[in-house]
Amino acid sequence: MITSYRVVLASNSPRRKELLAGIDIDFDVRVIPDIDESYSADLPTKDIAEYISRKKATVYQQQMADDELIITADTIVVLDGEVMGKPHDEADASRMLHELSGRTHQVITGVTLTTTTRQQSFSVETDVTFKSLSDEEINYYIQHYKPFDKAGAYGIQEWIGHIGVTGLHGSYFNVMGLPAQRIYEALRQF
């Protein structure tokens, strides 16, 4: 259905590749390393992921062809209004999972679709509730799954999601890192 553009996913994430492939869109992957993902401390939390996705798009826009449509995205985990980034080490991952334990948090993914003549950005938010996780469960997950590349120190599609998530309001795929349904609709309208 998207025949007028060559779609490019600007991510090396295996999850994002899998999710975009799941909506039967042909795409290439292009990764520009070390893009600045900083943001102003006074930026409202709900706007951070979308802001970073636009910031990434600006870098890709400098190198894109006229027939390309670039998809950039950023996912954040928010607990009580505070952003939980990627853990620095095992202790940081343990701290994050202990904080998420027995509580509901938000996962927000910002997405930007960019061509040489047009840009559209949006965010999708999903509420995720964890059961109270034991120290043993948290330690097992960290030791076996090494979630150091994941915001909030977890991947919902991994063991911790199978045994720990008791509630989900919104898009499951958004929590994995790409709101596939919303992207599909946006691409159809593009």
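The structure displayed is predicted, hence computed values, not measured ones.
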Legend entry - Pairs involving residues 113-133, ordered by first then second residue, that meet ring-ring contact (aromatic ring centres under 6.0 Å, His included) (sequence neighbours left out):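 ring-ring contact (aromatic ring centres under 6.0 Å, His included) check on residues 113-133 returns His105-Phe130, Phe130-Tyr154.
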
Inset, instruction - Using the ring-ring contact (aromatic ring centres under 6.0 Å, His included) rule, collect all pairs that involve residues 22-72, keeping only residues at least two apart or in two chains. - result: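 ring-ring contact (aromatic ring centres under 6.0 Å, His included) check on residues 22-72 returns no pairs.
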
Inset, instruction - Apply the test side chain to side chain contact (heavy atoms under 4.5 Å, CB included) to residues Gln119 and Leu113: give CA-CA distance (whole Å), side-chain angles for both, the deciding distance (0.1 Å), then the verdict. - result: CA-CA 6 Å; Gln119 188 172 80; Leu113 307 178; over 6 Å; no

Legend entry - For Arg95, salt bridge (charged side-chain N to carboxylate O under 4.0 Å, His left out) partners two or more places apart: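 For Arg95 the salt bridge (charged side-chain N to carboxylate O under 4.0 Å, His left out) partners, ignoring immediate neighbours, are Asp92, Glu99.
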
Inset, instruction - Could you pull out all residues at least two apart from Glu90 that satisfy salt bridge (charged side-chain N to carboxylate O under 4.0 Å, His left out)? - result: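 Partners of Glu90 under the salt bridge (charged side-chain N to carboxylate O under 4.0 Å, His left out) test: none.
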
To the closest 0.5 Å, what do you measure between [atom1] ([X]) and [atom2] ([Y])?
X: Leu133; Y: Arg103; atom1: CG; atom2: CZ; value: 12.5 Å
X: Ser123; Y: Glu50; atom1: OG; atom2: CD; value: 3.5 Å
X: Gln120; Y: Leu69; atom1: CD; atom2: CG; value: 9.5 Å
X: His98; Y: Ser132; atom1: NE2; atom2: OG; value: 10.5 Å
X: Ile156; Y: Met176; atom1: CD1; atom2: CE; value: 9.0 Å
X: Ser38; Y: Ile52; atom1: OG; atom2: CD1; value: 8.0 Å

What are the two closest heavy atoms between [X] and [Y], and how far apart are they?
X: Arg118; Y: Gln189; value: NH1-O, 4.1 Å
X: Ser11; Y: Arg16; value: OG-CD, 3.5 Å
X: Lys56; Y: Ala73; value: NZ-O, 2.7 Å
X: Ile70; Y: Ala10; value: CG2-CB, 4.0 Å
X: Gly110; Y: Ala49; value: N-CB, 3.3 Å

For [X], is the [atom1] atom crowded, meaning more than 12 foreign heavy atoms sit under 6.0 Å from it?
X: Lys46; atom1: NZ; value: no
X: Asp66; atom1: CG; value: no
X: Lys86; atom1: NZ; value: no
X: His88; atom1: NE2; value: no

Legend entry - Polar side-chain atom of Asp47 near backbone of Leu43 as donor-acceptor pair, under 3.5 Å: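 Not a single qualifying donor-acceptor pair exists.
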
Inset, instruction - Determine yes or no for a side-chain-to-main-chain donor-acceptor pair under 3.5 angstrom, with Asp80 supplying the side chain and Glu82 the backbone. - result: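 No; zero donor-acceptor contacts below 3.5 Å.
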
Legend entry - side chain to side chain contact (heavy atoms under 4.5 Å, CB included) evaluation trace for Arg15 with Lys150: CA-CA 11 Å; Arg15 292 167 299 284; Lys150 295 173 178 64; 3.9 Å; yes

Legend entry - Any pair counted as side-chain hydrogen bond (donor to acceptor under 3.5 Å, both in side chains), so long as it reaches residues 165-174, sequence neighbours left out: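 Every side-chain hydrogen bond (donor to acceptor under 3.5 Å, both in side chains) pair that includes a residue of residues 165-174, provided the two are not neighbours, is Thr109-Asn174, Thr126-Asn174.
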
Are [Y] and [X] co-members of a hydrophobic cluster defined by side-chain heavy atoms under 4.5 Å apart?
X: Leu19; Y: Val111; value: yes
X: Ile35; Y: Ile48; value: no
X: Ile160; Y: Ile76; value: no
X: Ile142; Y: Leu100; value: yes
X: Tyr141; Y: Met84; value: yes

Legend entry - Residues Thr114 and Gln61: side-chain donor-acceptor under 3.5 angstrom: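 Side chains of Thr114 and Gln61: no pair found under 3.5 Å.
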
Inset, instruction - Check Val29, Leu178, Asp26 against Leu20 for a side chain to side chain contact (heavy atoms under 4.5 Å, CB included) and give me the one that passes. - result: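 Of the listed options, the one satisfying the test is Leu178.
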
If you define the side chain from C-beta out and look only at heavy atoms, does anything of [X] sit under 4.5 Å from [Y]?
X: His144; Y: Glu158; answer: no
X: Ile25; Y: Leu187; answer: yes
X: Val165; Y: Val128; answer: yes
X: Thr45; Y: Val83; answer: yes
X: His162; Y: Gln157; answer: no

Legend entry - Test ring pair (Phe, Tyr, Trp, His ring centres under 6.0 Å) applied to Phe173 - qualifying residues, sequence neighbours left out: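 Result, ring pair (Phe, Tyr, Trp, His ring centres under 6.0 Å) vs Phe173: none returned.
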
Inset, instruction - Over 60° means perpendicular and under 30° means parallel, so classify the ring planes of Tyr5 and Phe190, tilted if in between. - result: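 Ring orientation of Phe190 relative to Tyr5: perpendicular.
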
Does this structure show an ion pair linking [X] with [Y], if we count only N-O contacts that are shorter than 4.0 Å?
X: Lys131; Y: Glu137; value: yes
X: Arg182; Y: Glu185; value: no
X: Lys55; Y: Asp74; value: no

Legend entry - Test applied, side chain to side chain donor-acceptor pair (under 3.5 Å); reference residue, Ser53; option that passes from Thr72, Thr75, Thr112: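 When Thr72, Thr75, Thr112 are each tested with Ser53, the side chain to side chain donor-acceptor pair (under 3.5 Å) holds only for Thr112.
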
